[in-house]
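To start, the structure under review is shown below, and the notes come after it.
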Amino acid sequence: MRIPLLLGITFASLPLVLQAGPWCYDSQGPKCGPSHWKEIMPTCGGENQSPINIDRWKAQWDKDLDEILFEGYDQAPPGRWRLLNDGHTVVLNLDGASAAEQINITRGGLHDTYRALQFHFHWGDLNRNGSEHTFDGIQYPMELHIVHINAKYKTLSEAKGHPNGLAVLGFLCKVSDADNTNYNTIVAGLKNISQADSYVELASTFSLSNLLPDMALLSKYYRYKGSLTTPTCDEVVTWTVFEEPIPLSKSQINAFIKTLYFKKLDTTSRMINNFRPVQPLRSRKVFASRDATISCCSPLAPSFFVPLFLYVLAGLFSGPS
Ligand SMILES: *[C@@H]1O[C@H](CO)[C@@H](O)[C@H](O)[C@H]1NC(C)=O
Ligand SMILES: *[C@@H]1O[C@H](CO)[C@@H](O)[C@H](O)[C@H]1NC(C)=O
Ligand SMILES: *[C@@H]1O[C@H](CO)[C@@H](O)[C@H](O)[C@H]1NC(C)=O
Ligand SMILES: [Zn+2]
């Protein structure tokens with residue numbers, strides 16, 4: 001009896017190892033949290049993982065990082081949007097909407113067009129910030145990710161097979177005194193999706209740019225090559241993290257923290273601290289867009305100091321006359 005039983009266990013556990021398996025955040029249980037993801041999925045222990053700390057003293061200015069062209073970001077697509085509690089986060093799938101082909105990004109040092117697939121959030125708890133990326137070691141209260149797929153690829157699994165498969169836009173959130181009314185639809189929908197696997201049809205769609213900081217400030221960003229921040233942690237993501245944070249009021253941030261649960265029919269596991277800690281940068285570099293702030297060499301340098309230098313030089317050569 002013993003041997004067949006053992007065999008049964010071995011075979012039964014095999015598929016768990018081969019597929020992504022159950023993963024969680026430390027707030028759900030220490031045994032399946034981020035430090036264990038690489039046991040479930042070896043990619044998560046890779047060399048080019050996300051998120052990272054963006055050290056603005058070390059970021060390298062890259063003049064090819066010009067303004068990103070946001071297409072379809074300024075229009076509310078027709079139809080309905082479904083806000084889902086997927087057991088890890090709150091996600092809104094843009095794919096499948098009739099407008100899926102119409103929301104995309106290009107330029108900004110991206111060599112292809114990337115179509116928007118979905119957006120979701122990461123947050124902390126009542127006493128701690130919960131962004132995934134950090135700026136100079138500072139973690140922000142929340143982070144919005146808008147996931148895009150390279151338009152060359154048809155499916156997410158195809159894109160995951162190519163280093164240029166995905167582009168994710170990351171926006172940190174800061175606390176503002178007033179509510180950000182552009183988030184009212186999402187925040188109001190949270191109470192309908194407190195349980196895992198529940199969803200709500202939002203009353204209306206809206207333009208994605210409403211969720212973002214002033215578009216004029218989006219030319220300030222940081223760029224690096226990394227991964228998905230949840231298993232399967234595929235290293236196929238071109239990351240863009242914007243310098244300008246999204247303002248959300250304390251009560252809007254607290255709505256995420258207080259309303260949602262990780263599990264179905266289990267109101268003991270609040271969905272909190274659903275962020276992965278920062279990963280080592282290793283040999284990678286972080287690049288700063290033309291307009292972004294880098295602490296070492298002001299982007300003013302070429303435009304201001306070079307003419308000044310030429311002016312001084314011209315003065316020297318013209319000599320006393
Ligand atoms: C990107 O979006 C624009 C406007 O929304 C659309 O006309 C264009 O076809 C899209 N491009 C791709 C490659 O999906
Ligand atoms: C939390 O985020 C705010 C920005 O809204 C920042 O000022 C503060 O320093 C952060 N706190 C910690 C402990 O990192
Ligand atoms: C969301 O929940 C509220 C009650 O909390 C209910 O009145 C409303 O009909 C629900 N909306 C949807 C779309 O299910
Ligand atoms: Zn994310």
Side-chain angles (χ1 to χ4, degrees), residues 9-53 83-93 95 117-125 128-134 139 142-147 149 155-161 165-166 168 170 190 193-199 225-237 239 256-257 259-282:
I9 290 167
T10 312
F11 286 123
S13 56
L14 201 58
L16 280 181
V17 180
L18 294 180
Q19 71 197 32
W23 60 272
C24 74
Y25 292 103
D26 286 334
S27 49
Q28 292 171 269
K31 296 216 173 86
C32 49
S35 59
H36 294 279
W37 293 355
K38 59 179 181 295
E39 297 152 22
I40 304 161
M41 186 46 66
T43 341
C44 299
E47 298 281 297
N48 303 299
Q49 290 290 293
S50 293
I52 57 160
N53 173 45
L83 194 66
L84 168 75
N85 174 343
D86 74 355
H88 303 293
T89 185
V90 168
V91 57
L92 195 150
N93 286 304
D95 203 23
L117 277 185
Q118 53 112 303
F119 65 82
H120 63 267
F121 301 88
H122 301 271
W123 59 88
D125 64 28
R128 69 164 299 167
N129 290 346
S131 69
E132 296 209 304
H133 288 91
T134 58
Q139 194 176 15
M142 279 186 79
E143 186 165 336
L144 162 66
H145 288 159
I146 311 181
V147 182
I149 182 172
T155 61
L156 189 56
S157 58
E158 186 189 355
K160 282 180 173 184
L166 300 173
V168 183
L190 297 179
I193 57 166
S194 60
Q195 303 229 359
D197 304 327
S198 60
Y199 62 82
K225 296 289 283 179
S227 73
L228 294 175
T229 66
T230 55
T232 47
C233 309
D234 309 74
E235 295 181 338
V236 298
V237 180
W239 274 97
F256 285 82
I257 295 168
T259 315
L260 300 156
Y261 296 90
F262 280 124
K263 287 196 189 141
K264 208 174 191 162
L265 308 175
D266 178 358
T267 48
T268 59
S269 59
R270 278 194 192 285
M271 189 179 278
I272 51 171
N273 297 315
N274 58 349
F275 63 89
R276 186 188 199 189
V278 293
Q279 304 294 304
L281 188 61
R282 299 219 162 83

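Values below: every heavy atom of this structure, side chains too, minus hydrogens, waters and symmetry copies.
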| So, for Tyr25 and Pro34, which heavy atoms are closest and what is the spacing to 0.1 Å? | CA-CD, 4.0 Å
| Minimum heavy-atom separation for Ser198 to Ser194, with atom names? | OG-N, 4.1 Å
| query | Rounded to the nearest 0.5 Å, what separation is found between the CD atom of Gln28 and the OG1 atom of Thr268? | reply | 10.5 Å
| message | Quick one: does any side-chain atom of Gln49 pair with a main-chain N or O of Cys233 as donor and acceptor, under 3.5 Å? | response | yes
| Can you check whether Glu132's main-chain N or O pairs, donor with acceptor, with Arg276's side chain at less than 3.5 Å? | no
| task | Identify the two heavy atoms, one from Trp239 and one from Thr229, that lie closest to each other, and give their separation to 0.1 Å. | result | CZ2-CG2, 3.9 Å
| Exam field: side chain Trp123 to backbone Met271, donor-acceptor pair closer than 3.5 Å | yes
| Are any non-hydrogen side-chain atoms of Leu156 and Leu166 less than 4.5 angstrom apart? | yes
| Hey, does the side chain of Asp125 reach the backbone of Ile272 with a donor-acceptor pair shorter than 3.5 angstrom? | no
| request: Measure the shortest side-chain to side-chain distance between Asn273 and Arg128 over non-hydrogen atoms and say whether it is less than 4.5 angstrom. | output: yes
| task | For Leu260 and Ile193, run side-chain contact (heavy atoms from CB on, under 4.5 Å): C-alpha distance rounded to whole Å, both residues' side-chain angles, the deciding distance at 0.1 Å, then the answer. | result | CA-CA 7 Å; Leu260 300 156; Ile193 57 166; 4.0 Å; yes
| task | Work out which heavy atom in Cys32 is nearest to a heavy atom in Trp37; give both atom names and the distance. | result | O-NE1, 3.2 Å
| Any donor-acceptor N/O pair, Ser227 side chain to Ser50 backbone, under 3.5 Å | yes
| said: For His88, is there any backbone N or O sitting under 3.5 Å from a side-chain donor or acceptor partner on Asn274? | reply: yes
| remark: Nearest heavy-atom contact between Leu190 and Leu83 is CD2-CD2, 4.4 Å
| message | With a 3.5 Å distance limit and no angle check, can you tell me whether His145 reaches the backbone of His120 through a side-chain donor-acceptor pair? | response | no
| query | Between the side chain of Glu143 and the main-chain N/O of His133, is any donor-acceptor distance below 3.5 Å? | reply | yes
| query | Short question: side chain of Glu235, backbone of Asn48 - any donor-acceptor pair under 3.5 Å? | reply | yes
| task | Check step by step if side-chain contact (heavy atoms from CB on, under 4.5 Å) holds for Trp23 and Cys44. | result | CA-CA 11 Å; Trp23 60 272; Cys44 299; over 6 Å; no
| query | Which pair of non-hydrogen atoms, one from Thr43 and one from Asp234, has the smallest distance, and what is that distance? | reply | CG2-CA, 4.2 Å
| query | Atom CD of Gln195 and atom CG of Asn85: how far apart are they, to the nearest 0.5 Å? | reply | 8.5 Å
| message | Given 3.5 Å as the limit, does a donor-acceptor pair link the side chain of Gln139 with the main chain of Ser131, or not? | response | yes
| message | Within the 4.5 Å heavy-atom criterion, are Met142 and Phe256 side-chain neighbours or not? | response | yes
| query | If you count the non-hydrogen atoms of other residues, nucleotides and ligands that lie under 6.0 Å from NZ in Lys225, is the total more than 12? | reply | yes
| said: Less than 3.5 Å apart, any donor N or O on the side chain of Asn53 or Thr134 sitting next to an acceptor on the other? | reply: yes
| request: Determine whether more than 12 heavy atoms belonging to other residues, nucleotides or ligands lie under 6.0 Å from atom NZ of Lys160. | output: yes
